[in-house]
**Student:** 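Provided herewith is a single structure, encoded as C-alpha cells, for subsequent inquiry.
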2 protein chains.
Amino acid sequence: MPRGSRIGTREEILATALDLFLAQGYEATSLREIAERLDITKAALYYHFPAKEQLVVELTRQFLNDLADLVATARAEPLSERRARLTELLSAYLDLLIEHQQVIDLLSRNPATQNHPDVGLRARNLIEALRTELAGPDAKAEDKLRVACAMGAISSVAMLPVMDGERVRALILGAALAAFDAEPVGDVVVRSPSRRVGD
Amino acid sequence: MPRGSRIGTREEILATALDLFLAQGYEATSLREIAERLDITKAALYYHFPAKEQLVVELTRQFLNDLADLVATARAEPLSERRARLTELLSAYLDLLIEHQQVIDLLSRNPATQNHPDVGLRARNLIEALRTELAGPDAKAEDKLRVACAMGAISSVAMLPVMDGERVRALILGAALAAFDAEPVGDVVVRSPSRRVGD
DNA sequence: GTCTATAGGCAGATAGAC
DNA sequence: GTCTATCTGCCTATAGAC
C-alpha cells in the first residue's frame, strides 16, 4: 500500500532502521522488517540506499564527524595548560556521548559494523587518537591506563537509562577526573559467598 | 574428512565458536564456518549442541554463575562496614571482568544474545542487582550514578589490549573508588576546532 | 560420533513496469 | 518513488546411513 509522496521518507527509513538495529542488532534485522514497519517494500528501500550497510554509514556519519572535530580540537590545544586541557576535552567527550548516545550503542554493540572502514574502523581510530592526545605525546603506560579509566567512567552514561541535567553531567565529569588522578589500591580480600543467586 | 574419536571435540567446538563470534559477531557467524574450521560437518555440530544459541549458553555459563556468586556475596556482606564492603566488591567485580574478558566482550557486543533469558537477560539482571547492592538499599539517585561511574571505570579493562599484573589492577581499582568519591565538576567551556581530522 | 543429502525458509539484491 | 516479481545463495535444522 503506497503512502504517496512524503518529504521525509529517507529520514523515516533511517529512524526506523536505528530503532530496529538498537532493539535486535544489525545482523538480526532484515530489510524486510524495516520495510514492513514503514509500510513500503524492500525494493523501495533500495531506491534510497544502495545496500544495507549504507544505513549504518549514514546513521553514524554525524557522530563520527563530531568525534573527528574533537580530535582536531585536542590537537590544536596547547600542551602547556595540561590540566585545563584534560578537563576541557573530557568534558567535550562526555557531551558527545550524551548527544549521540543511541549511535554509540549501535556501534559498540554490533560487531558486524565494527570492521567497516567508514564506520567501526574509523571510530576505533578516532577513539585511539583521542586517548593518545589526552595522555600526551610523552605518556607512559600508566598515564594511558589513567586516561582509559577516565574515559571508562564517562562511558557509564551508556549504561544509564536517561540523561537529565547539569548535575548528572558534573558528577560524571568529576568521576572521570578523579579516576584519572587516583592512587592505586591493592591487596583486597574477598570472602566466599553463602549461596548462589539466580538459579 | 573425519578426525576419529577425540576427547575434546565439544571443547574445541566451543573454543572455535568463541573465536568466530568475537571476530565477526554471533549472527554473522554461521554453523558452516564453525564446522569448516574444525574440519567437521554442520550435522556433527548438531550432535553436540541442539541449536546454535546453545553455544552461547554454554560459553557464558561459567561467567554468569560467578557473577551470581558475587551478587550472593554482596547480599551476605554486613552493611555496617560500608567502605570496606564497597572496596571488596568492586575488587571482586574487577577480577571477574579480567578473568572472563572474552565472554564479556561476546555478551556486550552481540544484541542477538541479549534477549536470551538464560544469557543476556540473566546478565542484565545480575549486573543490575550488583549495582543495587553496591549502592545500598536506601540509595539516592546520586549514589546510583556514583556506582555506575565506578563500574564504568572498571569496565575500561575491556578497552585495553591485555591485562598484566597487580599494578594495573590496583590502578583500576583505585580509579573506580576515586570515581565513586568524586566531587562534581561543572561549567567547562570548549573552544572550537580549527579543522576536521580523518577525511 | 560423524557422515551425506536435503528440506524449507528467508536473506540481500536486481529488473523493469507504472 | 514505489511497485511486483524474481534470482541466487546461504541459513538452520533434520533424516537416516555408516
Side-chain angles (χ1 to χ4, degrees), chain A residues 1-21 23-59 106 110-120, chain B residues 1-21 23-59 106 110-120:
Chain A
M1 189 178 293
R3 313 273 306 286
S5 61
R6 282 164 297 142
I7 32 170
T9 304
R10 187 189 155 90
E11 275 62 37
E12 281 183 46
I13 291 171
L14 286 173
T16 301
L18 181 58
D19 262 11
L20 290 171
F21 290 164
Q24 308 173 330
Y26 172 75
E27 293 276 352
T29 301
S30 68
L31 294 179
R32 184 184 54 76
E33 283 182 277
I34 298 172
E36 270 177 9
R37 184 179 283 208
L38 286 163
D39 221 353
I40 61 177
T41 62
K42 278 193 293 175
L45 289 181
Y46 276 92
Y47 172 80
H48 295 279
F49 301 93
K52 188 187 180 186
E53 69 168 22
Q54 197 62 27
L55 289 169
V56 179
V57 172
E58 299 301 329
L59 283 170
L106 177 65
N110 288 281
T113 71
Q114 288 168 10
N115 291 322
H116 191 292
D118 297 336
V119 182
Chain B
M1 189 178 292
R3 312 274 304 288
S5 60
R6 282 165 297 143
I7 33 170
T9 304
R10 186 189 156 90
E11 274 63 37
E12 283 183 44
I13 291 171
L14 286 174
T16 301
L18 181 58
D19 263 11
L20 290 171
F21 290 165
Q24 310 173 330
Y26 172 75
E27 293 276 351
T29 301
S30 69
L31 294 179
R32 183 184 55 75
E33 283 179 285
I34 298 172
E36 271 179 8
R37 185 179 283 207
L38 287 163
D39 220 355
I40 62 176
T41 63
K42 281 190 292 174
L45 289 180
Y46 276 94
Y47 172 79
H48 295 278
F49 300 93
K52 187 186 180 187
E53 68 168 22
Q54 198 61 27
L55 289 169
V56 179
V57 172
E58 298 301 328
L59 284 170
L106 177 65
N110 288 281
T113 71
Q114 288 168 10
N115 291 322
H116 191 293
D118 297 336
V119 182

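Numbered from 1 within each chain, the chains take letters A, B, ... in sequence-line order.
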**Student:** Rounded to whole angstroms, how far apart are CZ on A/Phe49 and P on C/dG12?
**Tutor:**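 It works out to 15 Å between those atoms.
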**Student:** Rounded to whole angstrom units, what separation is found between the CZ atom of A/Arg10 and the P atom of D/dT2?
**Tutor:** 13 Å
**Student:** Between A/Tyr46 and A/Lys52, is there a cation-pi geometry (under 6.0 Å to ring centre, at most 45° from the normal)?
**Tutor:** no
**Student:** Round to the nearest Å and state the distance from A/Ile34 atom CD1 to C/dA13 atom C1'.
**Tutor:**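 From A/Ile34 CD1 to C/dA13 C1': 14 Å.
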**Student:** If you compare all heavy atoms of A/Leu55 against all heavy atoms of A/Leu31, which two are closest, and at what distance to 0.1 Å?
**Tutor:**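 Minimum heavy-atom separation between A/Leu55 and A/Leu31: CD1-CD2, 4.1 Å.
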**Student:** For A/Gln54 and A/Ala51, indicate whether the former's side chain and the latter's backbone hold a donor-acceptor pair under 3.5 Å.
**Tutor:**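 Pair absent, no side-chain N/O of A/Gln54 close to backbone of A/Ala51.
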**Student:** Provide, to the nearest angstrom, the distance between the CD1 atom belonging to A/Ile13 and the C1' atom belonging to D/dG1.
**Tutor:**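 Roughly 10 Å, once rounded to whole Å.
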**Student:** Are A/His116 and A/Val56 close enough, and set up right, to give a side chain to side chain contact (heavy atoms under 4.5 Å, CB included), and what steps lead you there?
**Tutor:** CA-CA 10 Å; A/His116 191 292; A/Val56 179; over 6 Å; no
**Student:** With a 4.0 Å cutoff (strictly under), does any side-chain N or O of A/Thr9 reach OP1 or OP2 of D/dT2?
**Tutor:** yes
**Student:** For the residue pair A/Phe21 and A/Leu106, what are the closest heavy atoms and their distance?
**Tutor:** CB-CD1, 3.5 Å
**Student:** Let me know the distance between OH of B/Tyr47 and C1' of C/dT4, rounded to the nearest Å.
**Tutor:** 18 Å
**Student:** Under the 3.5 angstrom rule, does the side chain of A/Asn110 hit a backbone N or O of A/Gly25 as a donor-acceptor pair?
**Tutor:**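 Absent.
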**Student:** Encode nucleotides 12-18 of chain D as B, S and - characters from 5' to 3', where the letter depends on protein heavy atoms closer than 4.0 Å: B to the base, S only to sugar-phosphate, - to neither.
**Tutor:** BBBB---
